[in-house]
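Just so it is clear: chains get the letters A, B, ... in the order the sequence lines come, proteins before strands, and each one is counted from 1. These numbers were taken from a predicted model, which means no experiment stands behind them.
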Amino acid sequence: MLGRTLQEVSAALKQGQITPTELCQKCLSLIKKTKFLNAYITVSEEVALKQAEESEKRYKNGQSLGDLDGIPVAVKDNFSTSGIETTCASNMLKGYIPPYNATVVQKLLDQGALLMGKTNLDEFAMGSGSTDGIFGPVKNPWSYSKQYREKRKQNPHSKNEDSDWLITGGSSGGSAAAVSAFTCYAALGSDTGGSTRNPAAHCGLVGFKPSYGLVSRHGLIPLVNSMDVPGILTRCVDDAAIVLGALAGPDPKDSTTVHDPINKPFMLPSLADVSKLCIGIPKEYLIPELSSEVRSLWSKAADLFESEGAKVLEVSLPHTSYSIVCYHVLCTSEVASNMARFDGLQYGHRCDINVSTEAMYAASRREGFNDVVRGRILSGNFFLLKENYENYFVKAQKVRRLIANDFVNAFNSGVDVLLTPTTLSEAVPYLEFIKEDNRTRSAQDDIFTQAVNMAGLPAVSIPVALSNQGLPIGLQFIGRAFCDQQLLTVAKWFEKQVQFPVIQLQELMDDCSAVLENEKSASVSLKQ
Amino acid sequence: MAAPMLRWVGRGRRWTFAQVDGGSCHRREAPTGSTSNRIRGRSSVAQQPLYTTQKPRKGEHKWAAVVGLEIHAQISSNSKLFSGSQVRFSAPPNSLVSFFDASLPGTLPVLNRRCVEAAVMTGLALNCHINKKSLFDRKHYFYADLPAGYQITQQRLPIAVNGSLTYGVCAGKKQSQVIPKTVRIKQIQLEQDSGKSLHDDLRSQTLIDLNRAEGQLRVDANISVHHPGEPLGVRTEVKNLNSIRFLAKAIDYEIQRQINELENGGEILNETRSFHYQLGCTMSMRDKEGKQDYRFMPEPNLPPLVLYDATSLPAGADPQQVINIDQIRETLPELPSVTRERLVQQYGMLLEHSFTLLNEVGLLEFFQNVIKETRAEPKKVTSWVLNTFLGYLKQQNLAVSESPVTPSALAELLDLLDSRTISSAAAKQVFEELWKREGKTPGQIVSEKQLELMEDRGALEQLCHSMMEAHPQVVMDLKKGNPRAINKLIGLVRKATQSRADPAMIKEILEKKLSS
């Protein structure tokens, strides 16, 4: 039952094959078994069980709230949850309990979903590995999969050590690990430069970033307001569409949500043929850093579309290479601004120093934020200085416009969706990953995903195949603004063609107690 | 030290954009609490009067002062500019604070429609150009009563620009003559308010009230002096002036201080100053942090504010979702300058009288109601309302709405006067009776007190005759060629009639008798 998709388990609930409480308990016990993955910061067991009880009553009375009723879900720990600690994996918000639910959380609960807990991330979602939060790094469930372990056994050079585990990608790594390890059926991530799609690709999941303005950001603790969107992580495209159907729509509490009605619910037709479709391949995305395996899968995917009758065109997004540096300026500037409210006065961490208000601010912020956050605040404030504003912020905004226009031009040339890699390669081991600093990693890892956020477009990463090492590789589809349904329809067709294998965690489940013992010391030392 | 010669004299001077935004200090603001949703207007005032410390000697340079005002006015609305929480005067501290007001992480601003309408209306009333598209910016500084670490304002592209306001200044020999003046408005911007810091010096604590709904007006004045024809001087900014009286005092003081400083070889620092209410002087605020850089940035959570007019309104637009400038223009009440002009035209009153009528809340309405009900000449009504009625109000410190005399009562009284039923002296007496709130009509008072004019000429002649007989000395004086002596007789007769007789008739009878 746990390995099923959301759609399947929803059907099972409706048919009475399993009750919400049974499902909830199974997930809770798996969460405990896979605790070493560090996917969850907070497990809201009591809340989930109570919600399951209520859901069960509704099913008994024939008053199910719909597809999400009784479905266990997880939420990234940067969405406000009423009465449940929301930390952003930062000392600054340790112990902070919001008095309200983010709109997306409320919508999930209104549909009867069960909130299993809050998932791990990079501090304030700043990172691409889910390695830089105060609760320690998240471990990729694929590190423990049969597929990966068998490949490693075949490789005489690999040391078969459990400490050689892989990162999930980030910053929504906890959400990705939670879905990938079957502890829930869908999870919310956030996506500012690829934070949902990147871990989805590394964890063999569907990672969907909706159009900016389609889903409310109210209650999402911001990284970059003008680029943030709540993201959806699921095991298949149809599941993502179901969740999107529950979340999409205007929110009076978020003035950037759009009022134009979009077909709801997001039921995805099964495309019979793709002959009317035009797929664009952006030539600038073919870069030397791209691993040969990803490159070859990308080109195979293009061939697949072509062989099935779709038109496949090479397109140009000429300003792509400026995206990283432009993002750096815009992101850090908004970060500097958004982080200003964390002064230790009303909520969050407050230091013991009380000589003056200024001294208290300085010490609280020094203690509360990690180096990555502080570094971004510092650069952002530099870019916003009166003397620098025109040279940096305004220029970056102009470049952002050019990047957005690149996409518009591509779509105007007749392309329906763009097909690109999601990441440069499959997931790397943690010890490998931390050889580079957060900034370098983020710049590299966001390379295919970030321009989409600049343009506010919908994009989805679809798991395609396993690498030679037995690890998932994802490809990304990018759609026209607010053509989320069309995008997902194409992705669904593609998903059906590629038949990505299910993660085999049986071994992990069976001897997870052993793994747990082994990992205890390791994780303690990593958590500092 | 001679007092400034004239305030508000000379041609209006407008700040250029470069002048207002040029110095980084201009917008520096010691963040203290004040109002809730507010409109910030930047008048680019205003004046180039000439100042000297002493009477100018020949060849001596005169000084001109330039003043710019930044006016923070609270919008009268039910809820705050960016949140649904209420605005209410003197509510208990922190009782009207939404999650957004407390800047809880993840909360977003939602623009209040009523505040936008009020800003558009203000812009129209002040002859501004209304920007069809305006933007919101974040202005950053750390302060305990600014929980987000920034304030949302309209720095770069505000809702209204380039307006003007015509007003009158009392001047001239009698200080009663009104000289019309125009001040130019640089911009009107919607701005979120900070909270309020309450300093408890005893416990050395600062308490924060995030209700943000106190005080309806706050003004920062930018002041500089220079010699006419020479470049503008360095300006200072006097912050947080919360009454018109203190504003005027602070400006006067600051102009004089700068002149003295410069004439004594000193220099003016581009600094922020505060006005000390008790001492009546301005003092440097000695801002420890030095020049602040507010690091302005576009507010990403609010889309551009787009306004429509009849020509640009999209077909089928939901009236709840759009704001139509033309529609707001239609709801504008008659503006004071138009009203004043109308009063002068329609009733032939002096311009200064029209100012007085408009400056006192409710007085114009009172006046118009009297006019409606009386046959008396408008000039008579003006005189009674502005002299007698307003005089009584002022003396007892009452508002028009608290007046014991209704417009109908005054109208009836003026009718009695107009029909020559009573003399004006008797009318004053009736008015005084009305003021006692005894519920009597002027007619009742007149008949009870027998204040009607004596119509019986025979009786009056009789009275004059006996008065002449009783005062032979006065009659002698008159006959000796002192014509003013007749006034004494008139006065005596009037007194005997309890002011009921028409003095003109008395005079006529007396003259007739004397010449016969």
Side-chain angles (χ1 to χ4, degrees), chain A residues 78-80 86 88 92-93 96 98-103 124 213 216-222 224-228 251-256 258-259 330 333-334 336-343 345-348 356-358 360-362 365 380-389 393 397, chain B residues 21-24 27 82-84 94 97-112 136-152 156 195 197 204-206 208 210 288-289 291-305 318 320-321:
Chain A
N78 59 350
F79 286 95
S80 302
T86 299
C88 287
M92 186 52 92
L93 282 181
Y96 167 65
Y100 74 101
N101 277 326
T103 297
F124 282 102
S216 168
R217 292 179 295 112
H218 173 251
L220 167 61
I221 299 176
V224 184
N225 298 284
S226 65
M227 301 189 207
D228 291 341
D251 179 6
K253 291 176 181 144
D254 177 357
S255 308
T256 62
V258 296
H259 284 261
L330 296 177
S333 299
E334 280 201 38
S337 176
N338 287 333
M339 295 293 144
R341 71 186 55 209
F342 299 107
D343 56 16
L345 263 187
Q346 292 188 85
Y347 46 79
S356 73
T357 314
E358 286 80 10
M360 192 270 282
Y361 285 161
R365 288 165 68 81
N381 277 322
F382 174 82
F383 297 136
L384 290 177
L385 286 177
K386 196 167 187 167
E387 68 207 76
N388 296 333
Y389 186 78
F393 192 85
Q397 277 187 313
Chain B
D21 295 334
S24 60
R27 304 295 310 281
F82 294 124
S83 82
N94 294 312
V97 181
S98 71
F99 299 147
F100 173 80
D101 301 326
S103 299
L104 291 195
T107 53
L108 302 169
V110 178
L111 187 57
N112 181 332
F136 290 92
D137 302 290
R138 291 181 180 180
K139 172 184 178 177
H140 300 87
Y141 57 85
F142 282 104
Y143 205 80
D145 57 22
L146 189 73
Y150 58 82
Q151 181 182 28
I152 304 176
R156 294 190 169 92
S197 290
S204 69
Q205 276 184 340
T206 297
I208 309 294
L210 293 178
K288 273 177 288 181
E289 297 152 42
K291 285 191 181 180
Q292 280 231 35
D293 189 322
Y294 290 125
R295 291 157 288 133
F296 282 100
M297 187 192 89
E299 167 56 67
N301 294 317
L302 290 169
L305 171 57
D318 176 1
Q320 286 306 304
Q321 293 295 327

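With a 4.5 angstrom heavy-atom cutoff, A:Phe383 does not touch chain B via any of its atoms. Both the backbone and the side chain of A:Glu334 come within contact range of chain B, with heavy atoms under 4.5 Å apart. Using a 4.5 Å cut-off between heavy atoms, A:Ser80 touches chain B through its side chain atoms alone. Proximity to chain B is limited to the backbone of A:Pro252, based on heavy atoms less than 4.5 angstrom apart. Interface residue B:Pro298: backbone and side-chain heavy atoms are both found under 4.5 Å from chain A. Only the side chain of A:Phe342 comes within contact range of chain B, judged by heavy atoms closer than 4.5 Å. Residue A:Asn388 does not touch chain B at all, counting heavy-atom pairs closer than 4.5 Å. When heavy atoms are compared at a cutoff of 4.5 Å, A:Leu220 approaches chain B solely by way of its backbone atoms N, CA, C and O.
Interface summary for chain A: among B:Arg295, B:Gln321, B:His140, the most heavy-atom pairs under 4.5 angstrom belong to B:Arg295. Ranked by heavy-atom pairs under 4.5 Å with chain A, the list B:Pro109, B:Pro300, B:Pro303, B:Gly84 is led by B:Pro300. Put simply, of A:Ala102, A:Ser226, A:Gly219, the one with the most heavy-atom pairs under 4.5 Å next to chain B is A:Gly219. The choice from A:Asn381, A:Thr357, A:Thr256 that makes the most heavy-atom pairs within less than 4.5 Å of chain B is A:Asn381.
To the nearest 0.5 Å, atom CG of residue B:Asn301 and atom CG of residue A:Asn338 are 7.5 Å apart. Here the CG atom belonging to A:Asp254 is positioned 11.5 Å from the OG1 atom belonging to B:Thr107, to the nearest 0.5 angstrom. Rounded to the nearest 0.5 Å, atoms CG (A:Leu345) and CD1 (B:Ile208) are 7.0 Å apart.
In the model, B:Arg138 has a side-chain atom that pairs as donor or acceptor with a side-chain atom of A:Ser337 under 3.5 Å. Between the side chains of B:Tyr150 and A:Arg341, at least one donor N or O sits under 3.5 Å from an acceptor N or O.
Considering all non-hydrogen atoms of both residues, A:Asp343 and B:Pro147 come closest at OD2-O, 4.3 Å. Nearest approach of B:Gly106 to A:Pro222, heavy atoms of both residues: N-CD, 4.0 Å. Shortest non-hydrogen contact noted between A:Ala340 and B:Phe142 is O-CE2, 3.4 Å.
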Given side chain to side chain contact (heavy atoms under 4.5 Å, CB included), test B:Leu104 with A:Tyr96 step by step and report yes or no. CA-CA 10 Å; B:Leu104 291 195; A:Tyr96 167 65; 3.9 Å; yes
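In terms of modelled atom types and a separation under 3.5 Å, the side chain of A:Tyr361 and the main chain of B:Ala144 share a donor-acceptor contact. Panel note: side chain A:Gln346, backbone B:Ala102; a donor-acceptor pair is recorded below 3.5 Å. Side-chain atoms of B:Asp293 do not come within 3.5 Å of backbone N or O of A:Leu385 as any donor-acceptor pair.
Under the 30°/60° scheme for interplanar angles, the aromatic rings of B:Phe99 and A:Tyr100 are found to lie parallel.
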